[in-house]
Structure formats: structure tokens, C-alpha cells
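Below is one structure, written out as C-alpha cells; the observations come after it.
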Amino acid sequence: MSNFSNNHRALIEIRGMKKIYDLGSVQVNALNGVDVDIHENEYVSIMGPSGSGKSTLMNLIGCLDTPSTGEYYLANERVAGLSDAKLAEIRNRRIGFVFQTFNLLPRASALQNVELPLVYAGESPSQRRRRAKEALEAVGLTDRMKHKPNELSGGQRQRVAVARALVTNPSIILADEPTGNLDSKTGAEIMELLDRIHNEGNTIVLVTHEEEIAQHSQRIIRLLDGKIESDRRTTSV
Amino acid sequence: MALESLRAHKMRAFLTLIGVVIGVSTIITMMTVLGGIKYTIDDAMRNALGVNVFQVQKDEQQTGFTIGRRRHEWRPRIEARYADAIRDRCPSVRAVGAETWTGGRTFVRGGIESDPNQQVAGGTIEFGENNSMYIARGRPITYQDVLSARRVIVIGNDPYEQLFKYMDPIGQNIRIDGQQFEVIGVFEERGSLLGNSQDSYSWIPLSTFERIWGDWRDINLTIQAYSADVYESAQQEVIEALRVERGLMPGQPNNFGLWTPDLLQYQFNQQTGWIGVAAFGICGVSLLVAGIGIMNIMLVSVTERTREIGIRKALGGTRTSILRQFLIEAIMLSEVGGAIGIFLGYGVAIAINQNLNFPAPVPVWAVFLAVIFCSVVGIGFGMWPAIKAARLDPIEALRHE
Ligand SMILES: Nc1ncnc2c1ncn2[C@@H]1O[C@H](COP(=O)(O)OP(=O)(O)O)[C@@H](O)[C@H]1O
Ligand SMILES: [Mg+2]
């Protein structure tokens with residue numbers, strides 16, 4: 001099995017990753033050489049001051065963005081050079097995004113929002129409905145399915161977003177400051193939800209400013225000016 | 001999902017759809033009216049001149065539109081006696097009818113008057129068959145009537161209804177310009193053609209006509225050949241006979257015209273051809289207006305929904321699926337305008353039908369044409385906004401406010 005040792009064993013393996021924005025007069029090194037491995041069912045927080053490259057890293061992990069240089073292997077697959085359709089499929093099947101600003105479709109109901117990834121997964125309408133309902137039940141929104149986002153509280157909206165991130169059974173949940181727009185109580189509820197999702201076997205990468213939130217995870221990666229400043233296991237949990 | 005933006009901005013959508021509505025209703029109306037006119041005229045043409053028939057008139061048959069009055073050299077009139085000459089000298093000719101017309105007459109019976117638009121034809125015995133006018137009751141003008149210039153008349157259905165409602169007219173007397181006629185027959189009812197009543201035509205012997213209203217009017221000769229095979233040679237024989245009668249030297253041009261149904265048909269097709277071209281012109285312009293409207297509303301929609309596009313991409317939407325989504329929206333938008341246009345055009349066509357009284361059902365293919373027109377507009381002008389949407393960078397799109 002000599003081949004096996006060459007295989008990339010981490011679920012997410014990033015090597016020498018740079019992201020440079022060329023603004024003409026200046027170049028912004030949003031990421032400036034990042035190496036990181038994240039294993040299956042890990043629970044990782046990314047911290048760092050504003051502008052340190054946290055979101056950029058998340059977008060690259062989520063295949064929404066492509067690096068300027070560096071390699072990215074996702075579940076042993078080299079991401080660079082994949083087609084638009086293949087990247088879309090990875091986002092659809094393997095990755096669930098949770099955003100700070102929820103990013104729900106304003107004119108669609110909670111149920112329709114959660115169904116959307118299943119539309120792109122090619123599920124039948126009846127399957128879509130069933131699975132979206134299950135996902136909404138799992139986040140405790142059984143009685144809010146027909147509501148539009150503007151008829152829901154911030155915490156409820158983020159629950160819809162979490163349900164949407166979960167509905168295609170992806171293994172990786174990427175949450176970029178999921179509690180940033182919530183008060184501490186509802187924030188704690190969302191964190192409980194993420195803990196549960198982690199316990200069910202999913203991998204979670206979380207961007208946050210708050211130490212308290214970061215303590216939910218097993219590992220904290222600190223970024224500064226596009227570089228990893230520290231990468232440590234948390235003490236608690 | 002596709003029609004949401006349309007629903008959200010009804011007024012704006014409506015304004016941009018006006019182009020589609022005009023284009024489609026024009027197609028439907030024009031096609032319906034053209035179909036109706038063609039049907040009516042074809043029908044009239046089939047009836048107007050019998051088989052293997054052509055006419056001689058003083059002037060040339062015209063083709064196409066003539067702007068203003070056509071200049072004419074002076075020509076001697078066509079006389080009734082030519083009919084005899086043609087009968088004698090043209091072996092391919094089966095029958096020759098001669099007729100002349102006067103209009104704007106009022107028929108009077110006792111104290112009752114008809115409407116003042118009665119047309120009176122002085123004709124030979126062939127008149128009825130040549131003009132496809134058939135006797136409903138009584139009898140036609142006979143050879144004896146013409147020979148003795150009898151004061152007898154076959155009246156149209158209009159004067160019959162106006163003067164004789166619920167009464168047997170046969171044997172009754174009527175007056176025209178103070179002259180008394182005995183009614184010997186009534187024509188079948190013919191309805192109206194393009195809004196004109198076809199039942200105001202009555203028939204008296206040609207000889208009687210010329211005695212009362214003078215013999216200075218031009219005569220139309222209606223000539224029937226024995227068969228289609230000798231139709232051309234009959235025309236040649238008639239030309240020769242008329243040249244002799246009118247004293248033309250060899251080399252002098254004919255000073256009379258032959259009128260054939262083919263030419264009438266050709267003339268009609270040429271004129272309606274122009275209507276068709278005009279209709280397509282209007283459609284072309286509305287296509288452009290419609291397309292620009294659609295393109296505009298779709299570009300606005302793409303800008304307004306940039307964030308939505310970002311969300312869709314993050315959740316697994318491919319470029320192709322985003323492109324398809326916006327293209328379908330553009331087409332649906334266009335088809336909504338098309339549906340309104342079809343109903344509008346249909347309404348106009350029905351209104352025209354009822355007012356002009358000719359049968360013109362909306363042709364199914366015109367509806368298909370309209371739907372295709374809308375799809376072309378939707379795809380053609382929705383493509384660029386859709387490509388724009390598909391090409392959006394997901395991160396930029398998600399950051400969009
Ligand atoms: N599209 C862009 N164009 C130019 N600079 C950008 C762009 N996106 C991010 N940046 C820059 O890259 C750096 C990292 O951004 P980001 O990853 O959003 O930071 P964080 O999420 O840690 O606050 C910042 O300096 C930011 O200004
Ligand atoms: Mg950020």
C-alpha cells in the first residue's frame with residue numbers, strides 16, 4: 001500500500017495558500033502563506049482582528065473563492081482546476097454555509113429557503129419538502145415554516161440558515177461570525193445548535209471575535225495579517 | 001419564483017411589456033383581418049366571374065396602387081353592338097354578355113320609397129350567370145325582353161324587403177326616375193362585402209336601359225370561352241374582332257382593356273402584400289421596443305438581486321442554472337405580455353369582424369407566431385442580463401448591499 005501514504009489524510013488540507021488582491025496602486029495580501037489541516041469531525045474556531053483574513057480563508061475552504069497561489073485538497077481531491085459545475089456541486093453536497101447576516105432569500109418562506117439547496121441537488125419536490133421540514137424541526141422551527149424572513153426574529157432567521165446549511169447532509173459547516181448579529185442569549189442558543197451538529201459527526205469551522213464562543217470548539221486558529229499566529233487546542237470541553 | 005420580480009413591480013413590468021403587447025396584438029389583428037379579407041375576396045372572386053370568363057372594358061385593368069388619377073387618352077366607348085360582332089366572329093367564345101350600370105337610384109312603390117342607393121344594371125340574358133346572381137323567385141330577363149326592350153325588372157333583395165315585405169312582388173309595378181317597371185323576379189339574398197350591401201343590384205334589359213338613360217355609357221362585355229383550353233385563343237379572337245370594330249390600323253395599340261380574374265387576384269395579392277409588409281414592419285419595431293424593455297427590466301432585476309445570486313451560488317447554483325433562471329424569467333415576462341397581446345388582438349379582430357361583417361377567425365398559427373415572437377424577444381434580449389447574472393463572482397455578490 002505504498003500509495004496510501006501519499007494520500008492526504010486530513011479532510012481539509014491547505015498548503016502555502018496566498019490570496020492577493022491587486023488594487024492597482026497597492027496589493028493587499030489577504031492571506032499570506034497559510035498551512036492548515038482540519039480533520040473529520042473537528043470543531044475549529046478562527047479568530048483574529050478585523051481584516052486579518054478570516055473570511056477570506058473561510059471562502060477558500062468553502063470553494064467560493066480561488067487562491068492566488070497554494071494548494072487545497074478537500075477530502076483528497078485537489079480543488080484547483082475543478083470546473084464551475086464541480087465546485088457548485090461541492091458547495092451543494094459537502095459544505096453548509098452560515099453567514100453573519102443570515103443571507104436568506106427575503107421573498108421566500110422559511111421552508112422555501114431551506115428547500116433551495118435541495119433544488120440544486122436535483123431532489124424531487126416531495127423529497128425537498130419532507131427533508132426541509134425535517135431540518136426545520138431539528139432547529140426547533142416547526143411552527144414557523146410558512147413565515148418570510150422579515151416575519152422572524154434574528155435568532156429564528158439564523159436557525160433557518162442553519163437548517164439550510166444542514167439540509168443536504170454536508171459534512172462541513174462553515175459559520176462566519178454566526179452570532180455576530182445576535183444578542184448573547186440567542187447567540188448561545190445558536191452555539192448549542194452547532195455543538196449538537198458537531199456531536200452528530202459533522203466538521204465545524206467557525207469564525208468569531210468572542211473568546212467565550214470560541215471555547216465551544218476544540219481548537220483555535222488565530223490569524224494576524226493573513227498569517228497563522230497560533231494554532232492551539234482549547235482547554236475546556 | 002420566476003415571476004416574483006414581475007409581481008413585485010407591477011407598474012414597471014407593465015410599462016416594459018407594452019412593446020410586447022403591441023407587437024403581438026398587431027400580429028394577431030393583422031393576420032386575422034388579412035385572412036378575413038382574403039377569404040371574402042377569394043369568395044367574391046369565385047362568384048363574381050364564372051368559369052373561363054373575362055371582360056372587356058374601355059380602360060386597362062390596373063395592377064397595384066395608383067396614386068392620384070391615372071391619365072388617359074380619349075378612347076371611344078365600348079358599344080353593345082360589339083357583342084354581336086364577337087358572337088359572329090369568335091369561334092372559341094360560347095357566350096357574350098353586355099351590361100352597363102347606373103347607381104344612386106330610388107325605387108318607389110305607391111307611397112313607399114327604397115333607400116337611395118339602388119344600382120340598376122342594363123344587361124343581356126347572360127347577366128345573371130356572369131355575375132353569379134341567382135333568381136330566388138320569379139324569372140330572369142329573357143331574349144324576348146331584350147329584343148322588345150320590355151319594362152321588366154329583376155330586383156335585388158334590399159328593394160324587395162324595403163318595398164314588398166310580406167307581399168308577393170311578382171307582377172307588381174315600381175317606378176324608377178318616374179319610369180314604370182313590372183317586377184318579374186327577385187335575386188337571392190347575398191349579404192354584404194366589406195360593409196357594402198350586395199343586395200342593392202337590380203337588372204333590366206340592356207335595350208330598355210339605353211332607351212331610358214341613354215346609350216352614351218360604357219358597356220362591359222363579359223365573355224365566356226368554351227373551355228379552359230381555348231381561353232387564351234378566345235381572348236385573341238376577341239382582341240382581333242374589337243380591333244376591326246374600332247377601326248384600328250395594324251401597329252396601333254389596343255384602345256380597350258381585357259380584364260381577367262387572374263389579374264384581379266394578382267392585384268389583390270399585391271395590395272394585401274403591402275399590408276403584410278406594413279404589419280411585419282410594425283412587428284419589427286415593437287420587437288425592438290419590447291426587447292429593449294425586457295433587457296432593461298432584466299438588467300435592473302439582476303442588479304437588485306445580486307445578493308440572491310450570491311446566495312444561490314453559495315448553496316450550489318451553477319452558472320448554467322443561474323443563466324437558465326434569468327432566461328426563463330425573461331421569457332415568462334415576455335409571454336405574459338404576449339398573452340395580454342393575444343387577448344387584445346383577439347378583441348380587436350372580433351370587433352372588426354362584427355363591424356365589417358366578414359368571417360375572420362383568429363388563425364391558430366398566428367397565436368403560435370405570437371408565442372414564438374415572445375420567446376425570441378425573451379431569449380434574444382434576456383441573454384445579456386442572464387449572462388451578466390451567471391458571471392457574477394459569488395463573494396462579491398454576497399457582499400452586495
Ligand atoms: N474583494 C476585495 N478586494 C480588495 N481587498 C479585499 C477584498 N476582500 C477582502 N479584502 C481585504 O483582504 C483583507 C482580509 O479580509 P477579510 O478576509 O474579509 O478579513 P476578516 O474577515 O478577517 O475581517 C482585508 O484587508 C480586506 O480589506
Ligand atoms: Mg470577516
Side-chain angles (χ1 to χ4, degrees), chain A residues 19 21 30 55-67 82-109 112-123 132 148-149 160-161 163-168 170 174 176, chain B residues 1-13 297-333 336 383-401:
Chain A
K19 181 72 189 181
Y21 290 106
S55 295
T56 304
L57 182 56
M58 287 291 260
N59 291 335
L60 286 163
I61 294 174
C63 297
L64 272 176
D65 205 354
T66 46
L82 291 182
S83 68
D84 171 71
K86 185 71 185 156
L87 288 173
E89 190 190 318
I90 290 176
R91 293 194 291 265
N92 186 246
R93 302 293 169 97
R94 290 183 171 276
I95 290 162
F97 288 98
V98 180
F99 302 94
Q100 179 178 357
T101 51
F102 319 130
N103 277 336
L104 301 175
L105 297 189
R107 286 193 286 263
S109 69
Q112 287 170 329
N113 264 291
V114 178
E115 277 186 39
L116 194 53
L118 298 171
V119 173
Y120 291 120
E123 290 278 1
K148 299 266 171 71
V160 175
R164 185 179 66 183
L166 286 172
V167 76
T168 51
L174 301 178
D176 194 344
Chain B
M1 197 69 81
L3 288 177
E4 243 161 41
S5 60
L6 179 62
R7 238 176 274 134
H9 307 278
K10 289 191 191 70
M11 194 61 201
R12 190 177 72 189
I297 200 173
M298 289 313 292
L299 282 174
V300 171
S301 173
V302 169
T303 308
E304 278 178 354
R305 293 156 71 195
T306 300
R307 204 177 170 89
E308 176 189 324
I309 295 163
I311 295 170
R312 287 176 179 276
K313 289 199 165 183
L315 299 181
T318 58
R319 268 183 224 146
T320 318
S321 69
I322 304 285
L323 183 89
R324 194 188 308 129
Q325 181 194 342
F326 279 88
L327 259 190
I328 289 173
E329 278 184 37
I331 295 170
M332 300 266 286
L333 197 66
V336 166
M383 189 53 96
W384 161 237
I387 288 176
K388 234 185 116 175
R391 281 207 192 134
L392 280 178
D393 178 60
I395 298 165
E396 305 263 315
L398 278 170
R399 242 205 298 263
H400 192 265
E401 282 315 308

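So you know, we letter chains A, B, ... as the sequences are listed, proteins then strands, and number each from 1.
Separation of atoms OG1 (T66(A)) and CG (D393(B)) is listed at 8.0 Å; rounding is to 0.5 Å. Here the CG-CZ distance, from D84(A) to R391(B), works out to 12.0 Å after rounding to the nearest 0.5 Å. Taken from CG in N103(A) to CZ in R312(B), the straight-line distance is 13.0 Å, to the nearest 0.5 Å.
Counted by atom type alone, T101(A) and R307(B) present one or more donor-acceptor pairs between their side chains at under 3.5 Å.
The shortest heavy-atom contact between L315(B) and N92(A) is O-ND2, 2.8 Å.
Residues L398(B) and N59(A) form no side-chain contact, since every pair of their non-hydrogen atoms from C-beta on lies 4.5 Å or further apart.
Looking at R164(A), only its side chain comes within 4.5 Å of chain B, counting heavy atoms on both sides. For a residue to count as touching a neighbouring chain, one of its non-hydrogen atoms must lie under 4.5 Å from one of that chain's; by this rule I90(A) does not touch chain B.
Of residues 316-324 of chain B, those residues lying under 4.5 Å from chain A by any heavy-atom pair are G316(B), G317(B), T318(B), R319(B), S321(B), I322(B).
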